[in-house]
Amino acid sequence: MNQALKEFLTQTVAQEHLLWNEPMEKHTTFCVGGEADVLIRVKDKEQLTKLVSYFGKVSQDYFILGKGSNLLVSDKGYRGVVLDMSAHFTDVRVEGNRMIAQAGASLPYVATLAANHGLSGLEFAAGIPGTIGGAVVMNAGAYDGEMKQVVKSVTVLNRQGEEMELDNATMEFGYRTSIIKNRPFLVQEVVFELCPGDKEEIMKKGAEFNRRRREKQPLEYPSAGSTFKRPEGHFAGKLIMDAGLRGYRIGGAQVSEKHCGFVINVGNATASDIYDLMDEVSEKVKEQFGVALEPEVVRLGEF
């Protein structure tokens, strides 16, 4: 990292929000990952715009971090800037049937707040870890619900730090994807259009989804949630199980015995253990069934 960039960051960001050589294992739900050159806890919109605009001018790489719940960071770390949106960029407000949430707000928190206001539509998200920004980028979903059903608009920044508003149609939502997956846009804020309903029924539905998650998913271990996307016409977990890979292990990484769609950290796994296990699982499923498994987990850094 060059001196000019260091000087800009120290002048723009308060010292306590600027973490140099930060171990990313502290910031991912896999609990693995080497050091990022610098992690910035973004304070507000003004600071975010200033940072992104500067990075665009000097062609500086950066990565947007939420809760690290769908992320595998290399043991070698990340040679760039990590913008942590989850520390301060978390405001949420309710306006009638709409909720407006900043990108760093917790998805389960927003879902719970909606239920408390008698607003229906986000029950499916009550137990999905992560932030609003990440959920919108990947069109997160569960139990027949997904973000595209409730998002009205998304405010983003482009690489030049210019603000743009994208409506639902412009977002090009698809299975675990959106227009932001393939464009250099950064989510700032999301407007949800929800439906009024019975508060108790909404909360009951969310609680039932959470019960089913606890029953079926290995939540007692560090993981990144579902490791692979659902192949068309198949279920990733069943393919992995049918390939005889239940409990298959490399180092501290293991295919969950409880749900084969999850790769878990059973103790002292490295990012390389997880990466190698994912690749080996993909190869074996491809060999046996001719189905290509596409990772749902984002990989950051050199592997």
Side-chain angles (χ1 to χ4, degrees), residues 28-30 32-33 68-75 107 124-125 127-130 134-149 171-183 209 212-266 269-303:
T28 70
T29 55
F30 261 135
V32 301
S69 58
N70 198 42
L71 179 64
L72 178 63
V73 181
S74 167
D75 298 315
L107 183 55
F124 73 90
I128 299 177
V136 166
V137 170
M138 69 174 291
N139 188 26
Y143 302 112
D144 298 322
E146 54 188 349
M147 300 303 284
K148 77 173 184 179
Q149 298 169 354
M171 282 294 294
E172 296 180 8
F173 285 121
Y175 175 65
R176 299 300 176 264
T177 191
S178 71
I179 192 173
I180 303 175
K181 273 274 195 180
N182 306 306
R183 299 283 184 90
F209 288 157
R212 286 156 67 177
R213 280 192 180 89
R214 289 191 300 270
E215 185 179 281
K216 296 179 179 180
Q217 298 178 6
L219 303 181
E220 64 273 25
Y221 291 101
S223 79
S226 295
T227 307
F228 300 97
K229 295 180 181 179
R230 186 179 66 242
E232 190 171 350
H234 301 275
F235 292 99
K238 187 174 189 310
L239 287 170
I240 295 167
M241 179 179 67
D242 290 348
L245 296 171
R246 182 190 294 276
Y248 190 75
R249 181 168 175 169
I250 293 179
Q254 184 182 60
V255 173
S256 169
E257 295 181 345
K258 189 174 185 179
H259 189 315
C260 291
F262 285 64
V263 168
I264 58 177
N265 180 353
V266 293
T270 64
S272 293
D273 290 340
I274 295 168
Y275 180 92
D276 291 345
L277 181 58
M278 288 173 62
D279 273 6
E280 200 157 321
V281 165
S282 297
E283 287 176 12
K284 290 181 182 296
V285 167
K286 178 75 171 178
E287 287 171 5
Q288 293 191 45
F289 305 110
V291 178
L293 292 180
E294 184 182 350
E296 188 168 306
V297 177
V298 174
R299 298 169 178 178
L300 181 64
E302 284 186 30
F303 285 89

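Model, not experiment: these values are computed from the prediction.
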(request) Look up atom CD1 in Ile180 and atom CE in Met138, then write down how far apart they are to the nearest 0.5 Å. (result) 13.0 Å
(request) Measure the NZ-CD distance between Lys258 and Glu215 for me, rounded to the nearest 0.5 Å. (result) 8.0 Å
(request) Give a yes or no answer on whether the side chain of Thr29 reaches the backbone of Gly68 with a donor-acceptor pair at less than 3.5 Å. (result) yes
(request) Look up atom OG1 in Thr177 and atom NZ in Lys181, then write down how far apart they are to the nearest 0.5 Å. (result) 6.0 Å
(message) Heavy-atom count check: over 12 atoms from other residues, nucleotides or ligands less than 6.0 Å from Gln288 CD?
(response) yes
(request) Kindly give the heavy-atom pair with the smallest separation between Thr28 and Val32, and that separation in Å. (result) OG1-O, 3.1 Å
(request) Heavy atoms only: give me the nearest Pro218-Ile264 pair and the separation to one decimal. (result) CG-CG2, 3.8 Å
(message) With side-chain contact (heavy atoms from CB on, under 4.5 Å) as the criterion, how do Val266 and Tyr221 come out once you've worked through the C-alpha distance, each side chain's angles and the decisive distance to 0.1 Å?
(response) CA-CA 6 Å; Val266 293; Tyr221 291 101; 4.1 Å; yes
(message) Is it the case that the side chain of Asn139 and the backbone of Met147 share a donor-acceptor pair, with hydrogens and angles ignored and the cut-off at 3.5 Å?
(response) yes
Anything under 3.5 Å between a donor and an acceptor, one on a side chain of residues 223-234, the other on a protein residue two or more places apart or in another chain? List them.
unit_1	atom_1	unit_2	atom_2	d
Ser223	OG	Gly225	N	3.2
Thr227	OG1	Gly261	O	3.4
Thr227	OG1	Val263	N	2.8
Lys229	NZ	Glu294	OE2	3.0

(message) Rounded at 0.5 Å granularity, tell me how far CD1 in Ile274 sits from CG in Leu277.
(response) 8.5 Å
(request) Would you check, one step at a time, whether the test side-chain contact (heavy atoms from CB on, under 4.5 Å) holds for Tyr275 with Met278? (result) CA-CA 5 Å; Tyr275 180 92; Met278 288 173 62; 5.8 Å; no
(request) To the nearest 0.5 Å, tell me how far Ile179 CD1 sits from Met171 CE. (result) 7.5 Å
(request) First locate atom CD of Glu220, then atom CZ of Arg214, and finally report the distance between them rounded to the nearest 0.5 Å. (result) 12.5 Å
(request) Check Pro129 against Ser69 and note the closest heavy-atom contact, atom names and distance. (result) O-OG, 3.3 Å
(message) Run the salt bridge (Lys or Arg N to Asp or Glu O under 4.0 Å) test against Arg213 and tell me which residues pass, sequence neighbours left out.
(response) none
(request) Ignoring hydrogens and angles, tell me if any N or O in the side chain of Gln217 forms a donor-acceptor pair with the backbone of Phe262 under 3.5 Å. (result) no
(request) Report the C-alpha separation of Glu146 and Phe173 in whole Å, then their side-chain angles, then the decisive distance to 0.1 Å, and conclude whether the side-chain contact (heavy atoms from CB on, under 4.5 Å) test is met. (result) CA-CA 10 Å; Glu146 54 188 349; Phe173 285 121; over 6 Å; no
Would you mind writing out the side-chain donor-acceptor pairs for residues 237-252 within the sub-3.5 Å range, not counting sequence neighbours?
unit_1	atom_1	unit_2	atom_2	d
Lys238	NZ	Asp242	OD2	2.7
Arg246	NH1	Glu257	O	2.2
Tyr248	OH	Glu280	OE2	2.3
Arg249	NE	Gly251	O	2.6

(message) Could you check whether atom OH of Tyr175 has more than 12 heavy atoms from other residues, nucleotides or ligands sitting under 6.0 Å from it?
(response) yes
(message) If you compare all heavy atoms of Ala135 against all heavy atoms of Leu107, which two are closest, and at what distance to 0.1 Å?
(response) CB-CD2, 3.7 Å
(request) Please report the closest heavy-atom contact between Leu72 and Phe303, naming both atoms and the distance. (result) O-CZ, 3.6 Å
(message) Does Arg183, at its CZ atom, have more than 12 non-hydrogen atoms belonging to other residues, nucleotides or ligands within less than 6.0 Å?
(response) no
